[in-house]
Amino acid sequence: MRKFKLNDRLKACADMVGNSKRIIDVGTDHAYLPIWLIMNGKVKYAIASDINPLPLKKAENNIEKYNLKGCIQLLMSDGLDAAAPDKVDEIVIAGMGGELISSIISKAPWVAAKRKKLILQPMSSECDLRTYLYNNKFRIQNEKAVFSSGKVYTVISAVYTGISEKVCIEYPYIGKLGDNVNRPAVAYMERQIRNLENMNKGALSANNMNAYYRNVRIINRIKNIINNFEDG
Ligand SMILES: C[S@@+](CC[C@H](N)C(=O)[O-])C[C@H]1O[C@@H](n2cnc3c(N)ncnc32)[C@H](O)[C@@H]1O
């Protein structure tokens, strides 16, 4: 069979998939992720779903090219609307904004009720996504940063627990990356520090000193995590 390599961003998503038999890839586009997972024996069955017909056509062509029609089902669906909860063990939602990812999860209450494992790779608004997960009693089990095509991305695995966990003040900004510090995580945290510093320019000009000092505390805590990694 033709050799097939995922980019590092999608490979980090694939690495978060557990020993599950069935996954759904929401917003699959080219279907590279489910194709790779099947070809590498990580899952036995996958649903490649997308809201748009053109990506689904692309996915269909790729699935045919790799002769995987028997193990990957195509599904046209807005988020998880058309997905059958009992057909999937894990759900991947990659390459979309954090707000869209949150809205897809919130429109499918079975994700929480059936405690499905989520693998999420937001392209933006990661703070909103982590806040959504926290507010809705999903626990981030693992989070990993990765360099891909010269940029840094984060990949989150999460599951509903029904418990409001106590989290640290920097949690919306770096999630669980403090547990997994490596070069990409440092680059990601440095970017978050820059974002917070920019936010603080606004806070200062609006004379919002509460927000300013809160952000300073967060910045210092993130800097501490980075320093501990670099000293260690
Ligand atoms: C940038 S691509 C990401 C492709 C792939 N998941 C990746 O990470 O490389 C985003 C895909 O999400 C699809 N999409 C956007 N909104 C969606 C929704 N509400 N439900 C399902 N798919 C959606 C788009 O059609 C597009 O194919």
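Both ligands and their constituent atoms are indexed starting at 1 by order of listing.
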Check the pair Lys201 / Asn198 against side-chain hydrogen bond (donor to acceptor under 3.5 Å, both in side chains), numbers first and verdict last.
CA-CA 5 Å; Lys201 287 183 192 152; Asn198 279 336; 3.2 Å; yes

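- For the pair Met96 and ligand 1, the shortest N or O to N or O distance does not fall below 3.5 Å.
- When the options Ile51, Ile93, Leu80, Asp50 are ranked by their closest heavy atom to atom 25 (O) of ligand 1, first place goes to Asp50.
- In Pro55, the part holding a heavy atom less than 4.0 Å from any atom of ligand 1 is the side chain.
- The closest approach between Ser77 and ligand 1 falls below 4.0 Å for a heavy atom of the residue.
- For Lys87, there are no salt bridge (charged side-chain N to carboxylate O under 4.0 Å, His left out) partners, not counting sequence neighbours.
- Between the side chain of Ser77 and the main chain of Ala82, a donor-acceptor pair closer than 3.5 Å is present.
- At a 4.0 Å heavy-atom cut-off, ligand 1 does not touch Met123 at all.
- A donor and an acceptor atom, one from each side chain of Glu143 and Ser157, are nowhere located under 3.5 Å apart.
- Counting only distance, with no hydrogens or angles, the side chain of Gln121 and the backbone of Gly95 share a donor-acceptor pair below 3.5 Å.
- For Leu100, the heavy-atom gap to ligand 1 drops under 4.0 angstrom.
- The distance from ligand 1 to the heavy atoms of Ala94 drops below 4.0 Å at these ligand atoms: 3 (C), 5 (C), 6 (N), 8 (O).
- For atom 20 (N) of ligand 1, the nearest protein heavy atom (residue, atom name, distance) is Gly79 N, 2.7 Å.
- The side chain to side chain donor-acceptor pair (under 3.5 Å) check on Asn180 picks up Asn142, with sequence neighbours excluded.
- Ligand 1 has His30 within reach: a non-hydrogen atom of the residue lies less than 4.0 Å from it.
- A ring-centre distance under 6.0 Å is found for Tyr32 and Phe4.
- Figure legend: Arg115 and Tyr160 shown without cation-pi pairing, the cationic atom not lying both under 6.0 angstrom from the six-membered ring centre and within 45 degrees of its axis.
- Below 4.0 Å from some heavy atom of Leu10 lie the following atoms of ligand 1, by number and element: 7 (C), 8 (O), 9 (O).
- Listed by number with element, the atoms of ligand 1 under 4.0 Å from a non-hydrogen atom of Asn52 are 24 (C), 25 (O).
- When the heavy atoms of Gly27, Gly95, Gly97, Cys13 are ranked by distance to atom 6 (N) of ligand 1, first place goes to Gly27.
- Looking from atom 9 (O) of ligand 1 to the surrounding protein, the closest heavy atom is Arg9 NH2, 2.8 Å.
- Looking only at atom types and distance, the side chain of Gln192 has a donor-acceptor partner in the side chain of Asn195 under 3.5 Å away.
- Protein heavy atom closest to atom 19 (N) of ligand 1, with residue, atom name and distance, is Asp78 OD1, 2.9 Å.
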